[in-house]
Structures are given as structure tokens and as C-alpha cells.
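First up is the structure itself, then whatever we jot down about it.
All of these numbers come straight from a predicted model, not from anything done at the bench.
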Amino acid sequence: MRLLLIRHGQTPSNVKHLLDTAVPGPGLTPLGEEQAQALPEALAREDIGALYVSTLLRTHRTAAPLAARTGHQPLVRDGLREISAGELEMRGDDEAIGIYLTTSFAWAAGEPERRMPGGENGTEFLSRFDAVVAEAAGTGVETVAMVSHGAAIRTWVAARAANVDVEFATAHELRNTGIVVLSGTPDTGWRVLTWEEHSLGPDSGVTGASGPAGEPVG
């Protein structure tokens, strides 16, 4: 299966660098809407057979133009939502974002028992994301697009792709409507074919909540 993991378009909380992970969350900024509108042309060569979104509003808004082009009704799955910030929710300071990113990347590095303060642990996160990917693979569709979130995508890919490790995922950001393309199956494993960290549409350079290294979140 060819798996397209797309980060949603820019939100007001991305501009303010906030850890905004609760459902339903904000919609898109005007730039975010432009980024969403650019997706159908940017992905015109992809024969997308199914489209999934998370339970957060920003993924629905981002996927809408792509749904109109492909004719596929987006399938809403809670497993694709952003990693819960727990007690760090709506904070934008370096300490909070550092804890958030250190914890989530630790899951991919083999410490899934670590828990986000007041939130989920790595086993819980990876299990819910895995379940959606397994569902999509079980449909037999050759190319599946999933609109999800920055930390969720980077953490899951670092944990599951054979050719991407935590060091790579930490060093390579994923801007709004950036995309990671993988090939594989839940049984045989996954390999990253493309990691496009920049937006597939217009890019303001704002990545979302960011720590000292500028990693995007949300």
C-alpha cells in the first residue's frame, strides 16, 4: 500500500505557537485554506482510493478540496488525532513544548511506557494510529491519504518506518500540508519514500508550536 500522511493546513494556534490538541480544535487561517486548496493539484498524480481525517476540525477543512477532487467522503477516525498535550494543553513556552516533544519522540525510540503529563502514553498513541492504518490496509486500496498532525505523523513514522529513526524525525520538520509518503503493509513493515517537510501549497514559514529547535507541533 502507498500511504500518504499529510499534515493539516495552518491554524490560528500554529501562528501563536500553542500546543492545541483538544477536540474539536480550531479551523484554518486564510493561509491554511489556501494550503488546503493547493492539495488537489499537488497530489494530482496520486491515484487516491481512500481518504481519512482525524476528529479535529482542521483536518476536515484541509481534506475538503481533496475530497471534492477525488470524490471520496473523508472517513473520520479518532486514531489519527494529534498526540494529546494533557496538562500542557494551550501552552506555548519552551519548557512545555520541550516536554511534549521529548516524550513523544521517546515513544518512537523504544520507551512507549512514558506518559505525557496528564495525557496518553506511547503504547496508547501508537495503538490507535496503528489501528487506522491497519483498517486502511485491510480495504485493499492501493493508495490511501490520511490528513493528520505534525507530532503524530513524525512520531508514528519514526516508530514504524524501517528507514527513518528518531534522529531523522527530530531533525526534519513537517510544515503545514507537508507530507510523508510510505510504502508497505502492517505485516511487512513500512519504508519512507518521500519526506516533504515544506508545504505542498503556500508556506509562511510558521511551523506551529515549536521548541528551541523549531520543531512543528499540532
Side-chain angles (χ1 to χ4, degrees), residues 1-11 14-15 25-77 79-82 129 132-154 156-157 160-161 163-164 168-169 172-186 188-208 216 218:
M1 182 175 78
R2 186 173 174 85
L3 181 60
L4 317 180
L5 298 179
I6 307 163
R7 189 186 178 206
H8 61 79
Q10 187 193 68
T11 72
N14 291 154
V15 176
L28 303 180
T29 64
L31 175 61
E33 295 287 356
E34 290 182 37
Q35 291 170 333
Q37 291 294 334
L39 284 179
E41 181 177 353
L43 299 175
R45 294 185 178 181
E46 297 285 355
D47 185 18
I48 296 171
L51 178 60
Y52 288 75
V53 296
S54 82
T55 45
L56 278 75
L57 177 62
R58 52 190 177 269
T59 65
H60 300 201
R61 295 284 177 83
T62 302
L66 196 57
R69 196 269 288 179
T70 62
H72 297 306
Q73 180 69 26
L75 302 171
V76 182
R77 297 292 183 267
L80 297 180
R81 63 178 162 79
E82 182 60 293
F129 207 104
V132 183
V133 174
E135 175 191 337
T139 66
V141 173
E142 292 187 5
T143 300
V144 175
M146 296 183 177
V147 182
S148 185
H149 306 266
I153 294 172
R154 294 166 78 201
W156 185 83
V157 171
R160 297 296 186 243
N163 60 335
V164 166
F168 181 94
H172 292 78
E173 59 188 30
L174 196 64
R175 296 184 185 272
N176 296 111
T177 66
I179 183 173
V180 179
V181 180
L182 303 97
S183 177
T185 71
T188 62
W190 299 94
R191 294 189 64 84
V192 170
L193 304 177
T194 303
W195 183 300
E196 180 50 68
E197 59 188 82
H198 296 289
S199 173
L200 296 182
D203 191 350
S204 70
V206 175
T207 61

*Would N176 and N14 count as having a side-chain donor-acceptor pair, cut-off 3.5 Å?*
yes

*Donor-acceptor side-chain pairing of S54 and H149 below 3.5 angstrom*: yes

Quick check: do [X] and [Y] have side-chain heavy atoms less than 4.5 Å from each other?
X    : Y    : value
W156 : V133 : yes
E196 : V180 : no
L193 : L182 : no
L4   : V144 : no

*Should Y52 and E135 be marked as a side-chain contact (heavy atoms from CB on, under 4.5 Å) after you check the CA-CA gap, both sets of side-chain angles, and the distance that decides it?*
CA-CA 11 Å; Y52 288 75; E135 175 191 337; 3.6 Å; yes

So, the side chain of [X] versus the backbone of [Y]: is there a donor-acceptor pair under 3.5 Å, distance only?
X    : Y    : result
E197 : G178 : no
T188 : G184 : no
H8   : G218 : yes
D203 : H198 : no

*Sidechain N-carboxylate O distance under 4.0 Å for E46, R2*: yes

*Basic-acidic side-chain contact under 4.0 Å: E173, R154*: no

Let me confirm one number: the [atom1]-[atom2] distance from [X] to [Y], rounded to the nearest 0.5 Å.
X    : Y    : atom1 : atom2 : answer
F168 : N163 : CZ    : CG    : 8.5 Å
T55  : E82  : OG1   : CD    : 11.0 Å
D47  : T70  : CG    : OG1   : 10.0 Å
L5   : W195 : CG    : CH2   : 9.5 Å
T59  : I6   : OG1   : CD1   : 11.0 Å

Shortest non-hydrogen contact from [X] to [Y]?
X    : Y    : result
A38  : P202 : CB-CD, 4.3 Å
L80  : S148 : O-OG, 2.6 Å
A137 : P186 : CB-CD, 3.6 Å
A161 : V192 : CB-CG2, 3.8 Å
T62  : R58  : OG1-O, 2.7 Å
A36  : L28  : CB-CD1, 4.3 Å

_side-chain contact (heavy atoms from CB on, under 4.5 Å) for L43 and I179? Distances and angles first, verdict last._
CA-CA 10 Å; L43 299 175; I179 183 173; 4.0 Å; yes

*Sort out for me which residue in Q35, Q10, E34 forms a side-chain contact (heavy atoms from CB on, under 4.5 Å) with T29.*
Q10

_Using side-chain contact (heavy atoms from CB on, under 4.5 Å), reason through L3 and M146 one step at a time and then give a plain yes or no._
CA-CA 8 Å; L3 181 60; M146 296 183 177; 3.9 Å; yes

*asked:* Assess the residue pair V53 and L75 against the criterion (side-chain contact (heavy atoms from CB on, under 4.5 Å)); give the C-alpha distance rounded to whole Å, side-chain angles, the decisive distance to 0.1 Å, and a yes or no.
replied: CA-CA 6 Å; V53 296; L75 302 171; over 6 Å; no

*Would E41 and R69 satisfy salt bridge (Lys or Arg N to Asp or Glu O under 4.0 Å), going step by step from the backbone distance to the final call?*
CA-CA 9 Å; E41 181 177 353; R69 196 269 288 179; over 6 Å; no

